[in-house]
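By convention in this document, chain letters (A, B, ...) are assigned in the order of the sequence lines, proteins followed by strands, and residues within each chain are numbered from 1.
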There are 4 protein chains.
Amino acid sequence: MAGVNKVILLGNLGADPEVKYLEGDNVVANLRLATTESYKDRNGNKVEQTEWHDLELWGGQAKVAEQYLKKGMQIYVEGKIKTDSWQDDQGQNRKRVRIRVLSFTMLGGRQDSGSAPPAMDQGAPQAAASKPQPASTPAPDLSGDDDDLPF
Amino acid sequence: MAGVNKVILLGNLGADPEVKYLEGDNVVANLRLATTESYKDRNGNKVEQTEWHDLELWGGQAKVAEQYLKKGMQIYVEGKIKTDSWQDDQGQNRKRVRIRVLSFTMLGGRQDSGSAPPAMDQGAPQAAASKPQPASTPAPDLSGDDDDLPF
Amino acid sequence: MAGVNKVILLGNLGADPEVKYLEGDNVVANLRLATTESYKDRNGNKVEQTEWHDLELWGGQAKVAEQYLKKGMQIYVEGKIKTDSWQDDQGQNRKRVRIRVLSFTMLGGRQDSGSAPPAMDQGAPQAAASKPQPASTPAPDLSGDDDDLPF
Amino acid sequence: MAGVNKVILLGNLGADPEVKYLEGDNVVANLRLATTESYKDRNGNKVEQTEWHDLELWGGQAKVAEQYLKKGMQIYVEGKIKTDSWQDDQGQNRKRVRIRVLSFTMLGGRQDSGSAPPAMDQGAPQAAASKPQPASTPAPDLSGDDDDLPF
DNA sequence: TTTT
DNA sequence: TTTT
């Protein structure tokens, strides 16, 4: 009943988005996001530790990602953990964990640009999942087909 | 631009919800929520500290709150900080901070009940703001008028 | 640089904690946590979806978990995503995702009890990772060995 | 008991930090942070809404803020809501809400620079409250006096 | 004004 | 008072 499954990430993209257009007008984008933390070990040496996350975006969000996100960019992400399970060739149970992105925001102003798309000023920097909540994570002009999400 | 303003609270209600039905079929519920933390001070004495939060819910959520939430209950809340500003009688600038609730969940199973409403088992315990995101914070059978929110 | 990797979960334990005492006075507890969301599909039928999470707690937290957490209990958890990678027998790259718990709180008052430990009233319900931040996630009387965490 | 009071903000600083050195070697920094959301109203017009937050940082964090944060910078913040209450001259109850910052991160790479301090690459961009949790929100070389916080 |  |  009534659980909470929430992930908040802030990091840098390890590659450009991989976007697939599926049957039924669906779109999915996959991203690799690195979150790095650094701390001092007991000897006072600085240690960096990077965690890589597999992100999955659907519908209109996937399209925004395809259009604006690039390798190296810093983004803020909210989503939830999703585990896919299957059996591999040897009949072994396998699973794979992904972050299903519910909203994301590009950070840092002009860290990439060059050809800063005017469309970005019209809402693209912040994208929210289907049926945007008017007052919280408003989405741009996206008429995503998110209702068709196969989750 | 593209900011994040997110609040996560888990605590107990200090009173029953106060609900107002407004013109235009709008409903608002106000809640008082206590979040308590306890720690040991430098003398090893346990100290409890309670913070009181003013919560505000609109539309279908307000109705769910009115129906199910009671003084003493423990709830989990997601929302955002909202500040109202005005001038008082002396022309002084005043402001008041509220948490605009975007979703909440009742916790702890049967901590109140007595007449545990069957509806509760059918989705009421978790309520989300207007236009529920299908895969994240699904709302019950609420046809809220959240589009009319005057925020 | 300077990333964020944060997980917030609220759900029920699928089993009692599995606790291992390691060399060097270290303790680790593993938990299975279910977060369930329910929504209506496009036909209006209610669908429930449960995600299972592997939680990992270390040191004093593991001990608190061992002592107080039981199958079925509802808990709130904050932590971060951690991926372990290794090669399996066939030389295949494998990985496994866990949630490294940084703090947790037991919910719901007396939903289990039976032999409600008096100690629970003295701080155990809320446990934080090593070196508790005095004002935020205060831990009980735990002198955990968290400094020895092999992360 | 055992509550959660958590705030996550991502926005831009409206001014340079205001830092005060107090007796007993304490330091406090106050920041004004703007979080902006934009959405389309029912007529399809884009609306921007900015919320201003009063942030409060103590000890080593305040010093990091003083040294590195500047008006206009984009930062990510975690903290908690704190309300101060008092009586004003007319004997009226007044209160003021602040965000007590527990950790923050500077965003966006080189949005200020000019004299990008080398120290920034050595840990300053991410600062955590007293007694840093080794694996989660590691702090720089700060030996803050956070134990003396009057919270 | 809640809860433990 | 920030940012886009």
Side-chain angles (χ1 to χ4, degrees), chain A residues 68 105-111 113 116-126 138 140, chain B residues 1-5 9-18 30-38 46-55 69-75 77 83 85 107-108 111-112, chain C residues 68 105-111 113 116-126 138 140, chain D residues 1-5 9-18 30-38 46-55 69-75 77 83 85 107-108 111-112:
Chain A
Y68 297 111
T105 302
M106 294 161 53
L107 304 177
R110 64 226 68 129
Q111 70 270 64
S113 68
M120 275 187 52
D121 294 344
Q122 288 162 28
Q126 184 159 1
Chain B
M1 87 126 57
V4 174
N5 172 0
L9 303 174
L10 195 161
N12 297 279
L13 295 173
D16 290 351
E18 290 184 9
N30 288 282
L31 300 174
R32 290 281 286 167
L33 184 76
T35 58
T36 302
E37 59 176 329
S38 59
K46 197 184 165 198
V47 183
E48 278 212 343
Q49 206 156 345
T50 295
E51 183 75 25
W52 286 97
H53 309 269
D54 290 313
L55 312 185
L69 298 185
K70 296 287 174 214
K71 175 177 174 173
M73 278 187 177
Q74 189 181 34
I75 65 172
V77 161
T83 305
S85 301
L107 304 178
Q111 67 271 65
D112 171 65
Chain C
Y68 296 111
T105 302
M106 294 161 53
L107 305 178
R110 64 228 69 135
Q111 71 271 62
S113 68
M120 274 187 53
D121 296 343
Q122 288 162 28
Q126 184 159 0
Chain D
M1 91 124 56
V4 173
N5 172 0
L9 302 174
L10 196 162
N12 297 280
L13 295 172
D16 289 351
E18 290 185 9
N30 288 282
L31 300 174
R32 291 280 286 165
L33 184 76
T35 57
T36 302
E37 59 177 330
S38 58
K46 197 184 165 197
V47 182
E48 278 212 343
Q49 206 156 344
T50 294
E51 183 76 25
W52 285 97
H53 309 270
D54 289 314
L55 311 185
L69 298 186
K70 295 287 174 213
K71 176 178 175 173
M73 277 187 176
Q74 189 180 34
I75 65 172
V77 161
T83 306
S85 301
L107 305 178
Q111 69 271 65
D112 171 65

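Distance B/Asp16 CG to E/dT3 P: 11 Å, rounded to the nearest Å. Distance B/Asn12 CG to E/dT2 P: 10 Å, rounded to the nearest Å. Here F/dT3 presents its C1' atom at 13 Å from CD1 of D/Ile75, a figure rounded to the nearest Å. Protein atom CG of B/Leu13 is 16 Å distant from nucleotide atom C1' of E/dT4, rounded to whole Å. Counting to the nearest Å, the C1' atom of E/dT2 and the CG atom of B/Leu10 are 13 Å from each other. A straight line from CE of C/Met106 to C1' of E/dT3 spans 14 Å, rounded to a whole angstrom. In this structure, B/Leu107 atom CG and E/dT3 atom P are separated by 14 Å, rounded to whole Å. Distance, D/Lys46 NZ to F/dT3 C1': 11 Å, rounded to whole Å.
A distance of 5.0 Å separates CD1 of B/Ile75 from CG of B/Leu33, quoted to the nearest 0.5 Å.
Proximity note for D/Lys71 (side chain, C-beta onward) versus F/dT2, E/dT2, E/dT4: the nearest is F/dT2. With F/dT2, F/dT4, E/dT2 as the choices, the nucleotide that has an atom nearest any side-chain atom of D/Thr50 turns out to be F/dT2. In the set F/dT4, F/dT3, E/dT2, the nucleotide with an atom closest to the side chain of D/Glu48 is F/dT4.
Residues satisfying the side chain to side chain contact (heavy atoms under 4.5 Å, CB included) test with D/Asp16, not counting sequence neighbours, are D/Lys70, D/Lys71.
Side-chain atoms of C/Thr105 and B/Leu10, non-hydrogen and from C-beta on, never get closer than 4.5 Å to each other. Looking at B/Glu51 and B/Leu9, their side chains never come closer than 4.5 Å, going by heavy atoms from C-beta outward.
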